[in-house]
Engineer: 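Got a structure for you, questions after.
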Amino acid sequence: MRLATYRSTVEAAARLGAVVDDRIVDIERLGQSAGAALPATMLDFIDLGPDAVRHATALLAALGGALPVGLATPLDNVTLLAPIPRPRKNIFGIGLNYIDHVAESAAALDTSPELPRQPVIFSKPPTSVIGPNEPILHDAAITQQLDWEVELAAVIGTRAKRVSREQALRHVFGYTVLIDMSARDCRRAGQWIYSKGQDSYAPMGPVIVTADELPDPQTLDLWLTVNGVEKQRSNTSHMLFKVDELIADISQGITLEPGDIIATGTPEGVGAGRTPQEWVWPGDTIVAAVEGIGTLRHPVVAA
């Protein structure tokens, strides 16, 4: 399933829908049409566990293309929000997780040229999340070095505590696209949260594709452009620590819970690693995509 959080009008509450072709099918109303109870929000749906995906998928299949009036709305008539507009906890960020990005970071930033022996973990607060097409804020009083990073993000579906690598992917609900915006001149004593956790620094979406539709997260192309010029292009096969390794590693000491998000790192091509270095400014447009999931487009505006 391709699940999205949407709003039908400016005043309407955010609701959960399934994207089917060029329409969005309201999940709660889908359940009601079959006499079943399904939730209206993404987090509540994730909390129901894997059976919720199977149940909703079966209901959609039973309807075929004949969707009752009021159940489906053209995508052009709704606003997509971040799939999880307000995560319950900080997003887990993974730094230096592609070999070539390790090299470019060591040359331009204060990071080691040695490949990490364990995942490098930081976090981004819930207030950093924005949805498709929302503006990325550039506060010139804080940063003159605002940078881009396209990433695959994994969304946890079931509680994971001290799980093995072999078990890890069973705990994934699905995958989405995340842009890890980074103010390179806001790093403090080697700590990254202020650099990467400012408001609007975690564009996310446009959908969550459930794990049954992406059984192997290590085969996906991902890319990013600024003002139409390609800056990053790679494949998730080049991760140093694969998604299952990340989940296993984090869960040894931090219990992962439904709705938790792991941004799995970015490939080479960031602005800091270029010669001369490049940054984004108000008026620029960032477009990022992951194969099989979708595309994000965001204007950069003055804060």
Engineer: Atom CE in M239, atom CG in N97: separation rounded to 0.5 Å?
Structural biologist: 6.0 Å

Engineer: L3 and V207: same hydrophobic cluster, using ILVMFWY side-chain contacts below 4.5 Å?
Structural biologist: no

Engineer: If you look at every heavy atom in A82 and I130, which pair is closest and at what distance?
Structural biologist: CB-O, 3.7 Å

Engineer: L71 and S33: which non-hydrogen atoms are nearest, and at how many Å?
Structural biologist: CD2-OG, 4.4 Å

Engineer: For the residue pair H101 and L96, establish whether any side-chain heavy-atom pair is separated by less than 4.5 Å.
Structural biologist: yes

Engineer: Does a side-chain N-to-carboxylate-O contact under 4.0 Å join E291 and R233?
Structural biologist: no

Engineer: Supply the atom-to-atom distance M42 CE to L81 CG, rounded to the nearest 0.5 angstrom.
Structural biologist: 10.0 Å

Engineer: Linking I/L/V/M/F/W/Y whenever any side-chain heavy atoms sit under 4.5 Å apart, do V290 and L240 land together?
Structural biologist: yes

Engineer: Is there a donor-acceptor pair closer than 3.5 Å between any side-chain N or O of Q252 and the backbone N or O of A248?
Structural biologist: yes

Engineer: How long is the span from the OG1 atom in T266 to the CG atom in L224, to the nearest 0.5 Å?
Structural biologist: 7.5 Å

Engineer: Would you check if D139 and D199 make a side-chain contact, meaning some heavy-atom pair closer than 4.5 Å?
Structural biologist: no

Engineer: May I ask you to test the D180-K196 pair for a side-chain heavy-atom distance under 4.5 Å?
Structural biologist: yes

Engineer: Could you walk me through whether I94 and L246 satisfy the side chain to side chain contact (heavy atoms under 4.5 Å, CB included) test, starting with their C-alpha distance in whole Å, then the side-chain angles of each, then the deciding distance to 0.1 Å, before giving a yes or no?
Structural biologist: CA-CA 9 Å; I94 306 298; L246 295 174; 4.0 Å; yes

Engineer: Is there a path of hydrophobic side-chain contacts, each under 4.5 Å between heavy atoms, that joins V155 and Y6?
Structural biologist: no

Engineer: So for atom CD, which belongs to Q191, do other residues, nucleotides or ligands contribute more than 12 heavy atoms lying within a distance under 6.0 Å?
Structural biologist: no

Engineer: Are V19 and L75 packed together at the side-chain level, in the sense that at least one heavy-atom pair is separated by less than 4.5 angstrom?
Structural biologist: yes

Engineer: Less than 4.0 angstrom from a charged side-chain N to a carboxylate O is my criterion; do E278 and K231 meet it?
Structural biologist: yes

Engineer: Within the supplied structure, the quantity of interest is the number of heavy atoms (other residues, nucleotides, ligands) at a distance under 6.0 Å from R165 CZ; does it exceed 12?
Structural biologist: yes

Engineer: Hydrophobic clusters here meaning ILVMFWY residues chained together by side-chain heavy-atom distances under 4.5 Å, can you tell me if L60 and I208 are in one?
Structural biologist: yes

Engineer: Evaluate side chain to side chain donor-acceptor pair (under 3.5 Å) for D216 paired with T219, printing each intermediate quantity in order.
Structural biologist: CA-CA 6 Å; D216 185 356; T219 63; 4.6 Å; no

Engineer: On the six-membered ring of W192, is R187 placed so that its NZ or CZ lies under 6.0 angstrom from the centre and within 45° of the ring axis?
Structural biologist: no

Engineer: Side-chain contact test, heavy atoms from C-beta onward, threshold under 4.5 Å: evaluate it for P116 versus V102 and give yes or no.
Structural biologist: yes

Engineer: Has S195 got a side-chain atom pairing as donor or acceptor with A183's backbone, closer than 3.5 angstrom?
Structural biologist: yes

Engineer: I need the S123 OG to F92 CZ distance, nearest 0.5 Å.
Structural biologist: 8.0 Å

Engineer: Which atoms form the tightest heavy-atom contact between G294 and V177, and what is the distance?
Structural biologist: O-CG2, 3.6 Å

Engineer: Would you say the side-chain atoms of T111 pair up with the backbone N or O of S105, donor to acceptor, closer than 3.5 Å?
Structural biologist: yes

Engineer: Are I24 and V53 connected in a single hydrophobic cluster, I mean Ile/Leu/Val/Met/Phe/Trp/Tyr linked by side-chain heavy atoms less than 4.5 Å apart?
Structural biologist: no

Engineer: Rounded to the nearest 0.5 Å, how far does CD of Q232 lie from CG of L222?
Structural biologist: 7.5 Å

Engineer: Any non-hydrogen side-chain atom of M181 less than 4.5 Å from a side-chain atom of L146?
Structural biologist: yes

Engineer: Check this for me: does any side-chain nitrogen of one of R274 and D147 sit under 4.0 Å from a carboxylate oxygen of the other?
Structural biologist: no

Engineer: Would you indicate whether the side-chain heavy atoms of F45 and F173 approach each other to under 4.5 Å?
Structural biologist: yes

Engineer: Please name the pair of heavy atoms, one in L169 and one in P215, separated by the smallest distance, quoted to 0.1 Å.
Structural biologist: CD1-O, 4.3 Å

Engineer: Carefully, step by step, assess E257 and K89 under the rule salt bridge (Lys or Arg N to Asp or Glu O under 4.0 Å).
Structural biologist: CA-CA 9 Å; E257 298 178 312; K89 297 189 293 189; 3.1 Å; yes

Engineer: Could you tell me the separation between the OG atom of S182 and the CZ atom of F122, rounded to the nearest 0.5 Å?
Structural biologist: 6.5 Å

Engineer: Quick one: does P39's side chain get under 4.5 Å of L48's, heavy atoms only?
Structural biologist: yes

Engineer: Specify the closest pair of heavy atoms between S200 and L137, including all atoms of both residues, with the distance to one decimal.
Structural biologist: OG-N, 2.8 Å

Engineer: Output, in order, the C-alpha distance, side-chain angles, deciding distance and verdict of side chain to side chain contact (heavy atoms under 4.5 Å, CB included) for T285 and V226.
Structural biologist: CA-CA 6 Å; T285 299; V226 178; over 6 Å; no

